[in-house]
Amino acid sequence: MAIPYNHREIEQKWRAEWEKNPVNVDDGKKEKYYCLDMFPYPSGNGLHVGHWRGYVISDVWSRYKLLNGYYIIHPMGWDAFGLPAENYAIKMGVHPAISTAQNVTNIKRQINEIAALYDWDREVNTTDPNFYKWTQWIFVKMFKAGLAYEKEMPINWCPSCKTGLANEEVVDGKCERCGSEVTKKNLKQWMLRITEYADRLLADLDKLDWPEKVKKMQTDWIGKSHGAEVDFAVENREEKITVYTTRPDTLHGATFMVLAPEHALAASLATSETKEAVDKYIFDSSMKSNVDRLQGKEKTGVFTGTYAINPLNGAKVPIWLSDYVLADYGTGAIMCVPAHDDRDFEFATKFNIPIIQVIAKDGEEIENMTEAYTAASGIMINSGEWTGMESSVLKKEAPKMIEKMGFGRETTNYKLRDWVFSRQRYWGEPIPIVHCPKCGCVPVPEDQLPLLLPEVEKYQPTGTGESPLADITEWVNTTCPCCGAPAKRETNTMPQWAGSSWYFLRYVDSHNEKELVNREVADKLLPVDMYIGGVEHAVLHLLYSRFYTKFLNDIGVIDFDEPFKKLFNQGMITGKNGIKMSKSKGNVVSPDDLVRDYGCDSLRLYELFVGPPELDSEWDDRGIDGVYRFINRFWNLVMDNKDKSVAATAEMVRLRHKMVYDITQRLNNFSLNTVVSGFMEYNNKFIDMAKKEGIDKETLETMVVLLAPFIPHVSEELWRELGHDNTVFAAGWPEADENAMVETEKEVAVQINGKTKAVVRLAADIDKDAAIAAGKEAIADKLTGNVVKEIYVPGRIINIVMK
RNA sequence: GCGGAUAUGGCGGAACUGGCAGACGCGCUAGACUUAGGAUCUAGUGGGAGACCGUGCAGGUUCGAUUCCUGUUAUCCGCACCA
């Protein structure tokens with residue numbers, strides 16, 4: 001009896017061996033393949049089987065590429081700055097530097113259990129001064145390029161996290177991290193001018209091999225729209241009010257105007273009669289939280305008592321205030337055409353404002369409108385000189401016409417806002433700026449970076465809008481790098497995204513003390529070929545990373561402008577009934593016990609077998625028995641047959657090539673769950689075959705190599721048992737010979753009216769008439785009606801159509 | 001409200017460009033080997049006694065539909081007054 005499969009022994013053995021003799025080596029000749037995992041935040045809870053999934057997927061892919069002859073860059077690191085780490089530290093009463101270091105140690109141990117190809121020599125940690133030196137350096141470069149600026153403005157404030165948030169971090173009016181309702185707070189903030197890159201961020205999505213879903217989310221987030229700004233004079237006043245519209249074709253139908261309550265002119269437009277109501281409306285709006293404002297379905301508003309003049313036809317239009325107009329989009333003021341806009345229609349109906357139809361629907365004017373006609377197609381009516389034009393044409397032409405007439409201009413607008421970059425928290429990169437009373441904002445000189453985060457005892461958030469760093473007077477008080485006068489340091493820190501926006505560049509040159517990354521190394525090893533992680537970063541991290549990459553490209557640090565060529569979003573592993581795994585729900589499955597009982601190889605395989613990698617899957621421990629049995633059966637197959645020197649039959653050769661073909665194709669389609677079931681199926685076939693006539697060594701070897709990316713320890717062990725002294729990962733990926741896959745006979749279903757009645761074996765090259773004759777013979781007793789038609793699809797189907 | 005995804009046995013899931021629905025696995029049933037087995041092996045396993053019926057539901061196209069078209073329902077995700 002051959003040696004039984006002992007996962008503990010062989011996994012230990014090969015891990016030690018690979019440590020000594022790495023299987024992935026850069027010989028300078030191989031092409032590189034950079035396969036990256038989204039690096040984890042070192043949480044105190046450790047990893048669960050859901051985290052494993054992504055890492056297994058990326059490692060299988062890496063090892064597959066390795067077997068295809070690439071040099072693999074497959075690094076791992078730690079996104080250790082930021083709120084979660086700080087909140088955890090506060091909860092545990094430990095300094096974040098200490099708890100972070102502990103968590104890294106624990107998670108690194110767990111990650112090593114995956115036996116991934118990680119090159120720990122490349123490891124980065126965003127809290128390491130040698131790393132954040134460059135995070136700060138990028139900020140200084142952005143400041144010098146005019147992309148980082150300070151601004152006092154009402155920003156999103158999370159009262160629970162006690163810090164400002166970027167727009168991207170507000171989800172449904174709530175904090176993306178903790179779910180608390182976000183309020184507004186007036187604070188002086190550092191901002192990054194990501195809007196400067198809006199067009200490029202949008203256009204370059206076309207270049208990317210990313211899921212359409214993610215591209216669409218980014219497209220919507222950037223939210224580009226074309227239209228016109230139109231200047232309206234205000235009756236009896238000096239001021240003009242500029243509105244933004246995407247439908248300048250409907251200008252004749254504008255019957256009122258609405259300003260956001262926060263609009264600079266809002267209060268001043270009130271007359272003595274309306275002043276009280278207007279002030280109250282403005283005040284009430286300012287008290288409403290984001291959530292209330294979004295949830296209030298019913299439109300509210302107040303008439304200012306003042307009229308604007310439609311510049312096109314001189315009509316008097318009342319100016320209203322309403323919070324359905326957003327202060328920070330467009331100009332904060334809109335012209336309202338109730339006949340052709342749903343929101344304006346609702347508002348006009350509620351407040352009895354006239355509705356003037358300017359586009360004919362189906363060639364006609366509607367008698368009593370019950371809803372707005374929003375399509376930009378139809379002939380213009382009631383539109384002065386524009387009457388008779390086609391609205392879709394006019395929509396494009398109108399901005400230029402308005403521009404010529406001198407009361408407006410063609411414009412483009414974006415939903416994307418500049419990035420609020422300051423956090424009023426301790427655990428982040430200090431923003432390397434000195435505030436000098438004479439020189440203003442002065443960046444810390446590049447040769448003085450990193451600006452170290454001072455060690456403190458009190459790092460809890462203050463909640464006042466000031467960072468805890470503000471209390472450390474000996475750190476805050478400094479001298480101006482420019483004029484030498486006494487000055488103060490910026491006390492806000494950067495958001496967690498700062499480090500994660502560029503970390504993937506650092507992996508390829510992580511020890512470089514002089515540069516962020518050496519240009520030659522970057523040219524050779526970057527960008528990332530495959531990026532694997534959860535879809536939750538579709539907008540945040542992925543948009544920021546693209547922005548950073550474009551900027552670093554602009555200043556010549558790197559020669560490419562998109563960081564991640566291909567993106568794969570793996571689905572989440574959930575507990576029973578699709579409930580997200582969490583400590584509080586008590587449904588977390590730890591990989592540690594499973595690795596102990598079944599081995600790393602079994603768990604790797606099972607992580608893939610649970611379901612399609614891009615979909616969420618419910619975890620069920622029991623299923624792992626199936627893959628464990630498969631490994632045992634395969635192990636025994638190889639061990640029992642490796643020394644029997646059976647000559648390959650035609651059928652063995654055919655099945656072998658078919659297997660290589662199937663597995664390779666499924667792998668390339670990223671259909672990893674069916675790769676595993678495919679292995680099981682072929683294994684069953686080979687076991688049957690081995691019992692009857694034995695099995696040839698080449699087939700066993702081929703399967704060992706194909707399995708190597710999935711169950712590396714077992715494959716390596718069996719490869720050596722099959723008589724090789726070098727690693728299985730040097731074997732090269734097998735190639736399928738399609739000619740060797742051809743079957744001489746095929747099973748063909750014989751149907752009557754599309755219902756299968758029998759199955760016959762036919763020669764693959766049989767002609768149609770002979771095939772149909774053979775098919776009819778097999779179902780002779782059922783051929784009772786009039787045969788109307790006979791169909792033969794070679795190798796698949798014979799269909800006899802009867803009446 | 002808008003946009004996207006999903007829907008197949010007791011369960012997870014297969015099915016290439018329309019061509020034998022339920023591969024593979026879990027679970028279950030029976031048997032074998034065993035002192036014993038939650039170990040292993042063998043056989044079976046969508047429903048129905050049957051002709052037949054079966055891929056969320058209702059239609060359509062086709063010799064033939066899980067696959068294509070129209071409508072519809074449910075669940076999940078994203079966006080949500082962006083003028």
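In what follows, every heavy atom counts, from backbone to side chain, and hydrogens, waters and symmetry copies are set aside. The chains referred to below are lettered A, B, ... by the order of the sequence lines, with proteins before strands, and numbering in each begins at 1.
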Using whole Å, report how far [atom1] of [X] lies from [atom2] of [N].
| X | N | atom1 | atom2 | result |
| --- | --- | --- | --- | --- |
| A:Ile752 | B:A51 | CD1 | P | 14 Å |
| A:Gln751 | B:U62 | CD | C1' | 13 Å |
| A:Ile624 | B:G12 | CD1 | P | 19 Å |
| A:His537 | B:G78 | NE2 | P | 13 Å |
| A:Gln218 | B:C77 | CD | P | 21 Å |
| A:Glu738 | B:C16 | CD | P | 18 Å |
| A:Asn569 | B:G78 | CG | P | 13 Å |
| A:Asn684 | B:A14 | CG | C1' | 15 Å |

Checking base pairs now: Watson-Crick or wobble, both atom distances under 3.5 Å. What partners [N]?
| N | result |
| --- | --- |
| B:C41 | B:G31 |
| B:A49 | none |
| B:G25 | B:C11 |
| B:C57 | B:G71 |
| B:A36 | none |
| B:G19 | B:C63 |
| B:C2 | B:G78 |

Taking atom [atom1] in both [N] and [M], what distance in whole Å separates the two?
| N | M | atom1 | answer |
| --- | --- | --- | --- |
| B:G3 | B:C68 | C1' | 23 Å |
| B:C52 | B:G44 | P | 24 Å |
| B:A7 | B:U67 | P | 11 Å |
| B:C63 | B:G48 | C1' | 27 Å |
| B:A65 | B:U8 | C1' | 14 Å |
| B:U66 | B:C53 | P | 13 Å |
| B:C77 | B:U70 | C1' | 26 Å |
| B:A15 | B:G64 | P | 25 Å |

Nearest heavy atom decides the nucleotide; on that basis, is A:Asp688 or A:Lys576 closer to the 5' end of RNA chain B? A:Lys576
Closest-nucleotide 5' rank along RNA chain B - winner of A:Asn413 and A:Gly678: A:Gly678
Students often get this wrong, so: under 4.0 angstrom with heavy atoms, is [X] touching a base, only sugar-phosphate, or nothing?
| X | value |
| --- | --- |
| A:Asn673 | sugar-phosphate |
| A:Glu747 | base |
| A:Val759 | base |
| A:Ser225 | sugar-phosphate |
| A:Glu790 | nothing |
| A:Asp342 | nothing |
| A:Arg417 | base |
| A:Asn799 | base |
| A:Lys213 | sugar-phosphate |

Taking atom types as they are modelled, is there a donor-acceptor pair under 3.5 Å from the base of B:C52 to the side chain of A:Lys755? no
Is there a donor and acceptor pair closer than 3.5 Å between the side chain of A:Arg761 and the base of B:C20? no
Looking only at side-chain atoms of [X], point me to the closest of [options].
| X | options | value |
| --- | --- | --- |
| A:Ile791 | B:C20, B:G19, B:C81 | B:G19 |
| A:Thr245 | B:C24, B:A83, B:U17 | B:A83 |
| A:Met680 | B:C24, B:G3, B:G19 | B:C24 |
| A:Arg633 | B:G19, B:G13, B:C41 | B:C41 |
| A:Thr674 | B:A83, B:A14, B:G19 | B:A14 |
| A:Arg629 | B:C20, B:C26, B:A83 | B:C26 |
| A:Val171 | B:C79, B:G19, B:A83 | B:C79 |
| A:Lys216 | B:G3, B:A14, B:C24 | B:G3 |
| A:Trp221 | B:G25, B:A14, B:A80 | B:A80 |

Decide side chain to side chain contact (heavy atoms under 4.5 Å, CB included) for A:Trp210 and A:Asn569; before the verdict, give the C-alpha distance in whole Å, the side-chain angles of both, and the deciding distance to 0.1 Å. CA-CA 9 Å; A:Trp210 284 18; A:Asn569 294 125; over 6 Å; no
Min side-chain heavy-atom separation A:Val714-A:Leu707 under 4.5 Å: no
Looking at side-chain heavy atoms only, is the closest gap between A:Ile798 and A:Leu762 below 4.5 Å? yes
Identify whether the glycosidic angle of B:G9 places it syn (within 90° of 0) or anti. syn
Backbone of [Y] reached by a side-chain donor or acceptor of [X] within 3.5 Å:
| X | Y | result |
| --- | --- | --- |
| A:Glu410 | A:Glu403 | no |
| A:Asp172 | A:Lys174 | no |
| A:Asp323 | A:Thr300 | no |
| A:Thr304 | A:Ile319 | yes |

At less than 4.0 Å, is any side-chain N or O atom of [X] found next to OP1 or OP2 of [N]? Yes or no.
| X | N | answer |
| --- | --- | --- |
| A:Arg666 | B:C16 | no |
| A:Lys580 | B:C77 | no |
| A:Lys691 | B:U42 | yes |
| A:Tyr329 | B:A83 | yes |

Quick check, are the ring centers of A:Phe256 and A:Phe351 under 6.0 angstrom apart? no
Geometric cation-pi criterion A:Lys350 and A:Phe347, 6.0 Å radius, 45° cone: no
Testing the 3.5 Å rule here: is there a donor-acceptor pair between the side chains of A:Asp625 and A:Tyr598? yes
